[in-house]
Amino acid sequence: MFYIQKFLFATLRLESKGLPFLYQVIPAIDNLTSFLDDTVSKEALPIAVRSAALNGAKILHKYYSKTDDSIMYRAAMSSYYFLFTFISF
């Protein structure tokens with residue numbers, strides 16, 4: 001049940017904001033990915049749980065890689081690069 005609660009919390013948090021923005025989705029995917037990667041590496045867990053976590057991690061990686069193709073992601077990263085490369089504080 002603990003594993004489902006992580007995904008439920010992330011889903012409800014993103015749904016509560018209406019249409020989630022990219023800057024909200026990326027950290028959620030990062031948190032879920034690190035959680036699943038930790039679950040896969042725990043040898044004390046049953047193989048079925050670890051296997052399900054591995055499959056979930058593969059799906060999250062698939063969708064996370066699609067953010068690199070997003071125009072909004074590229075604009076945000078290029079703005080970030082410009083801001084911290086050419087402007088000194």
Side-chain angles (χ1 to χ4, degrees):
M1 192 57 127
F2 172 70
Y3 299 99
I4 295 172
Q5 289 175 343
K6 285 278 196 183
F7 284 90
L8 180 62
F9 176 75
T11 302
L12 292 176
R13 186 170 179 180
L14 292 174
E15 282 182 349
S16 70
K17 307 213 185 275
L19 185 64
F21 294 104
L22 197 57
Y23 74 88
Q24 297 166 329
V25 173
I26 290 175
I29 291 176
D30 286 340
N31 289 335
L32 290 173
T33 301
S34 65
F35 171 71
L36 290 175
D37 290 342
D38 291 343
T39 302
V40 169
S41 65
K42 292 181 183 176
E43 293 185 11
L45 292 174
I47 192 71
V49 172
R50 292 173 50 209
S51 178
L54 181 63
N55 288 334
K58 286 179 185 177
I59 291 171
L60 279 176
H61 288 297
K62 173 184 159 184
Y63 287 108
Y64 188 77
S65 68
K66 293 191 182 295
T67 61
D68 293 340
D69 298 332
S70 167
I71 293 171
M72 295 304 291
Y73 177 80
R74 289 182 184 175
M77 289 297 107
S78 64
S79 298
Y80 176 82
Y81 175 76
F82 176 78
L83 181 66
F84 289 102
T85 304
F86 299 108
I87 300 175
S88 61
F89 292 95

Any side-chain heavy-atom pair of Leu36 and His61 under 4.5 Å = no
request  = Could you tell me the separation between the CZ atom of Phe35 and the CG atom of Leu60, rounded to the nearest 0.5 Å?
outcome  = 11.0 Å
task = Check whether more than 12 heavy atoms from other residues, nucleotides or ligands sit under 6.0 Å from atom CZ of Phe7, and answer yes or no.
result = yes
note = Minimal heavy-atom distance between Glu43 and Arg50, with the atoms involved, is CA-NH1, 3.9 Å
ask   = Does the Ser51 side chain pair with the main chain of Ile47, one donor and one acceptor, at a distance under 3.5 Å?
value = no
query = Rounded to the nearest 0.5 Å, how far does CD1 of Ile29 lie from OH of Tyr63?
reply = 10.0 Å
note = In terms of heavy-atom contacts, Leu32 and Lys6 come closest through CD2-O, 4.0 Å
key: Rounded distance [0.5 Å steps], CG in Leu8 versus CD in Glu15   = 9.0 Å
